[in-house]
Amino acid sequence: MRRTVFNEDHEAFRETLRAFIEAEVVPVYDEWFAAGQAPRDFYYKLGELGIFGINVPEEFGGAGLDSHKFEAVLYEETSRAGVQFGGSGVHVLLALPYIKMLATDEQKKRYLPKFVTGEEMWAIAMTEPGTGSDLAGMKSTARLSEDGTHYVLNGAKTFITGGVHADKVIVCARTAAPTAEDRRHGISLFAVDTKSEGYSVGRKLDKLGLKTSDTAELAFVDVKVPVEDLLGEENKGFYYLGHNLASERWGIAFGAYAQAKAAVRFAKQYVQERTVFGKPVAHFQNTKFELAACQAEVDAAEAVADRATEALDAGELTPAEAASAKLFCTEVAHRVIDRCLQLHGGYGYMNEYPIARLYADNRVNRIYGGTSEIMKTIIAKDMGL
């Protein structure tokens with residue numbers, strides 16, 4: 001079936017991006033993997049390439065587009081090459097929508113020009129030790145000072161992707177206690193400067209996968225946050241978080257589909273080159289059947305991912321549809337990548353092979369952005385169950 005989601009502009013971007021990855025990322029990726037993060041100066045290169053400014057208004061140095069299709073191309077090309085762009089995905093996919101939706105004109109003038117160039121990298125801090133998916137249970141607090149000039153932030157966050165290199169972090173904290181009727185009430189969002197006194201980065205977490213993205217614990221001890229850095233209205237943060245979950249889950253869904261597609265590519269190449277019992281592994285019927293089944297699943301995931309992309313760009317992707325896309329694509333990727341690793345035999349377990357890294361990278365897709373169980377709950381509720 002002919003694919004219609006991308007046009008000539010997207011394909012031109014794909015060619016540029018593929019050349020960039022081959023020249024700037026592939027030769028040094030093993031070093032990033034060993035170090036557990038991409039180097040900070042790499043993000044300046046992404047800024048120069050225009051990656052960070054695609055969806056930023058022109059007045060702030062961006063391209064002024066309003067589409068996620070270029071991000072989709074990025075997912076496909078990084079997966080195809082078996083690489084990641086460090087923690088930069090959070091910068092664009094998660095942080096930018098909050099800035100565009102909530103920041104005042106004055107805030108946008110301060111934030112966005114440096115966002116586009118990579119001079120200031122952004123992360124978002126929601127999860128806390130002991131809360132997980134229960135964001136309403138967060139304990140971090142931000143109390144307004146007596147003179148009303150700043151908030152005093154205290155608390156801790158964990159699993160913060162991009163947390164090591166971040167210059168600005170959107171921190172979710174309680175500005176009021178929850179009510180008996182609504183325990184989600186009282187959460188606010190702040191753009192916190194990581195150079196602030198009392199702000200500290202704890203452990204850089206040693207993850208199973210996504211080794212080149214810096215993921216950290218953060219701590220806040222009496223951090224002063226100017227009132228000018230409150231994003232949106234006080235106490236409405238939980239509702240803002242819910243508003244952007246659809247785009248976040250789309251990103252996870254599309255990224256998972258792209259990983260599954262890449263896994264088939266890696267496995268096909270390997271079985272054509274690897275010889276067993278005097279024959280290429282690709283000549284055995286089991287190999288053909290396994291890859292054929294994987295390709296059929298990837299085709300289905302591609303259709304779901306593309307449909308979700310079109311709906312997101314049209315502003316029509318509902319929370320239940322985003323949950324459905326995430327659930328389906330991440331479960332497909334889990335099955336496909338596992339089967340493709342099996343076709344590699346013992347070599348599939350070696351980190352020098354991209355399929356091994358892909359296997360580890362993929363596992364978190366069914367956890368973050370809401371677990372598969374949470375996705376099923378959302379879908380069932382939408383079904384009236």
Side-chain angles (χ1 to χ4, degrees), residues 90 94-95 97-104 107 122-160 163 168-192 196 198-199 217-249 317-323 326 367-385:
V90 168
L94 299 190
Y98 290 103
I99 299 172
K100 291 177 66 176
M101 178 176 70
L102 302 176
T104 64
Q107 287 175 323
W122 287 65
I124 184 165
M126 293 184 276
T127 306
E128 296 184 359
T131 59
S133 298
D134 182 19
L135 293 179
M138 68 176 62
K139 305 297 185 184
S140 295
T141 61
R143 304 301 184 196
L144 188 63
S145 63
E146 291 184 4
D147 61 8
T149 62
H150 62 273
Y151 291 85
V152 180
L153 174 65
N154 284 281
K157 300 289 182 177
T158 192
F159 306 146
I160 308 307
K168 297 276 190 182
V169 178
I170 298 174
V171 177
C172 311
R174 283 208 164 274
T175 44
T179 65
E181 298 77 20
D182 187 2
R183 57 192 295 269
R184 299 171 294 182
H185 171 78
I187 294 171
S188 300
L189 307 185
F190 301 89
V192 179
S196 301
Y199 179 104
E217 296 174 331
L218 306 180
F220 322 108
V221 179
D222 293 336
V223 176
K224 293 182 179 180
V225 183
V227 292
E228 292 81 9
D229 286 322
L230 171 70
L231 287 173
E233 294 184 40
E234 222 183 49
N235 301 326
K236 293 188 176 181
F238 193 94
Y239 306 100
Y240 299 145
L241 296 175
H243 184 275
N244 284 329
L245 277 175
S247 63
E248 178 183 353
R249 288 168 179 164
L317 185 65
T318 68
E321 290 168 346
K326 180 182 184 295
I367 298 174
Y368 67 2
T371 64
S372 291
E373 291 73 23
I374 294 293
M375 298 304 101
K376 292 174 184 177
T377 300
I378 294 169
I379 297 165
K381 184 177 180 180
D382 186 67
M383 294 170 66
L385 298 175

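Values below: every heavy atom of this structure, side chains too, minus hydrogens, waters and symmetry copies.
At least one side-chain heavy atom of W122 sits less than 4.5 Å from a side-chain heavy atom of I99. Side-chain atoms of L144 and Y151, non-hydrogen and from C-beta on, do get closer than 4.5 Å to each other. The shortest side-chain heavy-atom distance between Y240 and E233 falls under the 4.5 Å cut-off. Looking at heavy atoms from C-beta onward, H150 lies out of side-chain contact with V225 at the 4.5 angstrom threshold. Contact annotation: the side chain of D222 approaches that of N154 to within less than 4.5 Å [non-hydrogen atoms, C-beta and beyond].
Remark: side-chain polar atoms of K157 are paired, donor with acceptor, to backbone N or O of C172 under 3.5 angstrom. Of the possible donor and acceptor atoms, none in the side chain of Q107 sits under 3.5 Å from a partner among the backbone N and O of L231. Without hydrogens or angle criteria, Y199 side chain to L218 main chain gives no donor-acceptor distance under 3.5 Å. When atom types are taken as modelled, the side chain of R249 and the backbone of N244 share no donor-acceptor pair closer than 3.5 angstrom. Put simply, the side chain of K326 never gets that close to the backbone of G369: no donor and acceptor are under 3.5 Å apart.
The closest side-chain donor-acceptor pair between T175 and N235 falls under 3.5 angstrom.
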Residues 372-382 side chain polar contacts: donor-acceptor under 3.5 Å, at least two apart:
| residue | atom | partner | partner atom | Å |
| --- | --- | --- | --- | --- |
| S372 | OG | E331 | OE2 | 3.1 |
| E373 | OE1 | T371 | OG1 | 3.4 |
| T377 | OG1 | E373 | O | 3.0 |

Checking side-chain contact (heavy atoms from CB on, under 4.5 Å) for the pair F159/M126: CA distance, chi angles, key distance, verdict? CA-CA 9 Å; F159 306 146; M126 293 184 276; over 6 Å; no
Run the numbers on V169 and F190 for side-chain contact (heavy atoms from CB on, under 4.5 Å), then give the verdict. CA-CA 8 Å; V169 178; F190 301 89; over 6 Å; no
